[in-house]
Protein chains: 2
Amino acid sequence: MLAEINLALPNLSPSERRVADWILAHPKEAVGAKLAHVASECGTSEPTVIRFCRRVGLSGFRELGIRLTEALSRPASYVHRDVGPDDSSSDAVIKVMDASIQSLLDMRARLSAMPVDEAVRRMSKARQIAFAGLGASGHVASDACHKFFRLGIPCSTLTDTPMILQFAAIAEANDVLVLLSHTGRWPEFAKAARIATGRGASVIAITNVASDLAAEATVLFPAQVIEDTSVFTPMSSRLAQLALLDAIHVALALARGAAASDRLRLSKNALQPGFGS
Amino acid sequence: MLAEINLALPNLSPSERRVADWILAHPKEAVGAKLAHVASECGTSEPTVIRFCRRVGLSGFRELGIRLTEALSRPASYVHRDVGPDDSSSDAVIKVMDASIQSLLDMRARLSAMPVDEAVRRMSKARQIAFAGLGASGHVASDACHKFFRLGIPCSTLTDTPMILQFAAIAEANDVLVLLSHTGRWPEFAKAARIATGRGASVIAITNVASDLAAEATVLFPAQVIEDTSVFTPMSSRLAQLALLDAIHVALALARGAAASDRLRLSKNALQPGFGS
DNA sequence: GCCAGCATGTAGTAAAATTACAGCAATATT
DNA sequence: AATATTGCTGTAATTTTACTACATGCTGGC
């Protein structure tokens with residue numbers, strides 16, 4: 001639809017063209033807008049807007065809204081397009097969402113290559129699990145902790161380097177340390193991994209394959225390469241990490257069987273109104 | 001959308017239900033149909049059709065056509081299949097990932113209906129922004145806070161009800177309170193929203209449309225309906241929320257222009273090795 | 001300078017969506 | 001068992017909205 005408008009652009013009268021331009025610039029706003037609103041927004045009259053609709057092959061203004069939503073909700077692919085300062089806010093929003101979707105699709109494609117079973121095996125026997133990450137990864141860590149503890153395994157979150165190192169220093173054989181780091185570049189992470197594995201604990205790393213941390217880890221989940229340099233680009237790879245941890249969580253719940261799912265149910269019930277009274 | 005109708009099916013009155021059935025059976029015909037046509041086709045009256053629309057969370061009959069075209073034009077892949085105890089771990093992992101992807105695809109399709117611009121406008125002028133959420137939503141809140149503060153707007157996270165209420169109580173006209181709650185069922189949230197709006201602050205809610213909280217909010221982002229009851233099913237709707245906040249964040253950065261993107265760049269540089277030395 | 005042809009807006013109209021209200025049925029209350 | 005209450009449903013009025021017919025003004029050709 002938007003392509004058709006572009007196509008018709010040359011043979012439009014000046015005011016019709018203003019309508020076309022506005023619609024192309026604010027497609028989201030145009031959807032569900034009233035005829036009068038579009039007209040005033042384009043600085044023209046209502047009949048002109050209707051004439052525009054007819055000229056691009058539509059039966060009337062009403063159909064415009066429908067065709068437009070179609071065009072907006074079914075874009076060909078979710079390939080990554082960088083967000084730039086010139087993007088209208090609705091364009092930008094869609095691009096960000098597309099990047100996130102693509103990120104998850106990538107993750108799904110690589111899922112079969114991930115050592116989920118190995119991770120689940122170790123976590124299943126764990127005396128305790130600690131999730132460690134700095135900055136944005138810290139949020140992923142605490143989110144994961146919040147999820148996994150409901151399986152009945154003691155969990156904790158470590159969001160600064162001293163804590164991580166201390167945990168590694170006192171780790172025991174059945175402890176699991178999950179290290180989250182996009183780049184794997186913090187030297188303390190590799191150090192913590194070495195200390196922890198040295199004490200017999202399992203270290204699960206979600207990080208860049210090429211890093212020192214990756215080399216030290218017991219179980220390695222290769223993180224997505226962050227290809228973009230734009231400051232606008234969102235943290236879509238973090239979303240993929242969350243989804244991955246979600247998946248591991250469910251796999252772990254299944255592996256631990258009925259006991260774990262009962263605990264999940266109980267913790268879920270605790271949030272229902274009237275519980276405990 | 002169709003899923004939402006299905007979900008609402010049980011709590012509909014008889015004639016509303018006839019409308020729902022007919023729409024589910026003839027979705028294509030329903031798109032672009034006149035109110036009178038739908039009414040006669042369902043053997044009921046026009047107001048009943050409108051009441052039906054309202055009940056499934058729409059603003060009116062007009063919006064139904066839009067939402068319906070969205071639902072029809074979006075590719076129906078990655079359909080949700082419940083994870084069961086018999087699933088092998090790799091099956092489960094893929095199912096969870098698919099659910100997450102679907103969740104984001106849904107969000108993308110509904111993005112055009114979201115009041116992103118309105119939210120950005122209010123946030124852009126904000127003296128401060130507070131993100132509030134309990135439990136899992138608390139993580140989303142702190143994650144959002146962590147993202148938004150880099151734009152140069154003072155941000156904070158509120159993760160318990162006393163804090164939320166206190167914030168609302170002292171909120172000022174240009175303050176923005178972002179409330180995250182899947183169900184919108186906590187009465188304190190609606191209360192906080194009422195207090196804050198009463199004091200002239202903006203309340204942006206990401207929650208269930210039918211909730212009290214939704215009614216009190218200044219700007220409402222309808223949350224995805226959580227259709228599944230399985231304890232295994234992951235928190236994919238939370239992922240969608242994160243992605244949504246990401247998108248809003250980028251839109252806000254664009255709206256605030258060069259100053260904001262500079263700040264983003266600076267905060268990013270601060271993480272580079274060698275910075276400050 | 002006048003006319004032909006087209007672009008654009010004004011004002012009116014038909015139709016469609018929405019609201020207000022009232023009747024009625026089912027359930028709850030005493 | 002009678003009454004009150006709640007909520008569903010349709011009728012009719014109201015408002016909004018899309019669309020049409022017509023008038024005005026402008027541009028270029030003669």
Side-chain angles (χ1 to χ4, degrees), chain A residues 1 5 7-24 26-70, chain B residues 1 5 7-24 26-70 112-113 209-212 214-215 220 222:
Chain A
M1 182 67 233
I5 295 179
L7 195 70
L9 224 51
N11 22 324
L12 262 61
S13 78
S15 17
E16 283 171 353
R17 165 135 200 179
R18 280 206 305 282
V19 178
D21 287 341
W22 185 84
I23 289 176
L24 290 172
H26 313 267
K28 178 194 153 183
E29 193 176 345
V31 168
K34 332 265 185 210
L35 180 53
H37 178 238
V38 177
S40 84
E41 201 72 26
C42 302
T44 185
S45 66
E46 303 182 5
T48 304
V49 178
I50 292 185
R51 278 189 285 261
F52 160 81
C53 295
R54 300 264 153 85
R55 201 176 283 251
V56 294
L58 271 34
S59 75
F61 180 75
R62 184 153 307 196
E63 200 182 341
L64 180 73
I66 295 173
R67 289 287 101 80
L68 235 36
T69 36
E70 265 181 18
Chain B
M1 183 68 235
I5 295 179
L7 191 76
L9 227 50
N11 17 322
L12 290 174
S13 76
S15 13
E16 283 170 351
R17 167 140 198 172
R18 280 206 303 283
V19 179
D21 288 341
W22 185 84
I23 289 176
L24 255 22
H26 312 90
K28 272 189 294 193
E29 191 176 346
V31 169
K34 327 264 186 212
L35 179 52
H37 178 238
V38 178
S40 84
E41 201 70 26
C42 302
T44 183
S45 67
E46 304 183 5
T48 303
V49 178
I50 293 187
R51 279 188 285 261
F52 160 81
C53 296
R54 300 266 153 86
R55 199 175 284 252
V56 295
L58 271 34
S59 74
F61 179 74
R62 188 161 304 246
E63 201 182 342
L64 179 72
I66 295 173
R67 289 291 100 77
L68 237 35
T69 38
E70 267 181 16
S112 55
V209 247
S211 63
D212 290 344
L220 173 66

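In the text below, chain A, chain B and the rest are named by the order of the sequence lines, each starting its count at 1. Values in this document were obtained by computation on a predicted structure and should not be read as measured data.
- Residues satisfying the side chain to side chain contact (heavy atoms under 4.5 Å, CB included) criterion with A20(A), sequence neighbours excluded, are I5(A), L9(A), L12(A), F52(A).
- Not counting sequence neighbours, the partners of P27(B) by the side chain to side chain contact (heavy atoms under 4.5 Å, CB included) test are L72(B).
- Listed by chain and residue number, nothing satisfies the ring pair (Phe, Tyr, Trp, His ring centres under 6.0 Å) test with H37(A) (two or more places apart in sequence, or in another chain).
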### Summary
A correct 5'-to-3' footprint of nucleotides 8-23 of chain C, with B, S and - meaning base, sugar-phosphate only and no protein heavy atom under 4.0 Å, is BBB-----SSBB----

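- When the salt bridge (charged side-chain N to carboxylate O under 4.0 Å, His left out) test is applied to R54(B), no partner is found at least two apart in sequence or on another chain.
- Contacts classified as salt bridge (charged side-chain N to carboxylate O under 4.0 Å, His left out) and involving residues 7-17 of chain A (residues at least two apart or in different chains) are given here: E16(A)-R55(A), R17(A)-D21(A).
- For T44(B), the side chain to side chain donor-acceptor pair (under 3.5 Å) test picks out T48(B), with sequence neighbours left out.
- First and last contacting nucleotides of DNA chain D toward chain A (any atom under 4.0 angstrom from a heavy atom, 5' to 3' order): dT17(D) to dT20(D).
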Donor-acceptor contacts under 3.5 Å from residues 59-66 of chain A side chains, at least two apart:
residue : atom : partner : partner atom : Å
S59(A)  : OG   : E63(A)  : OE1          : 3.0
E63(A)  : OE1  : S59(A)  : N            : 2.8
E63(A)  : OE2  : R67(A)  : NH1          : 2.4

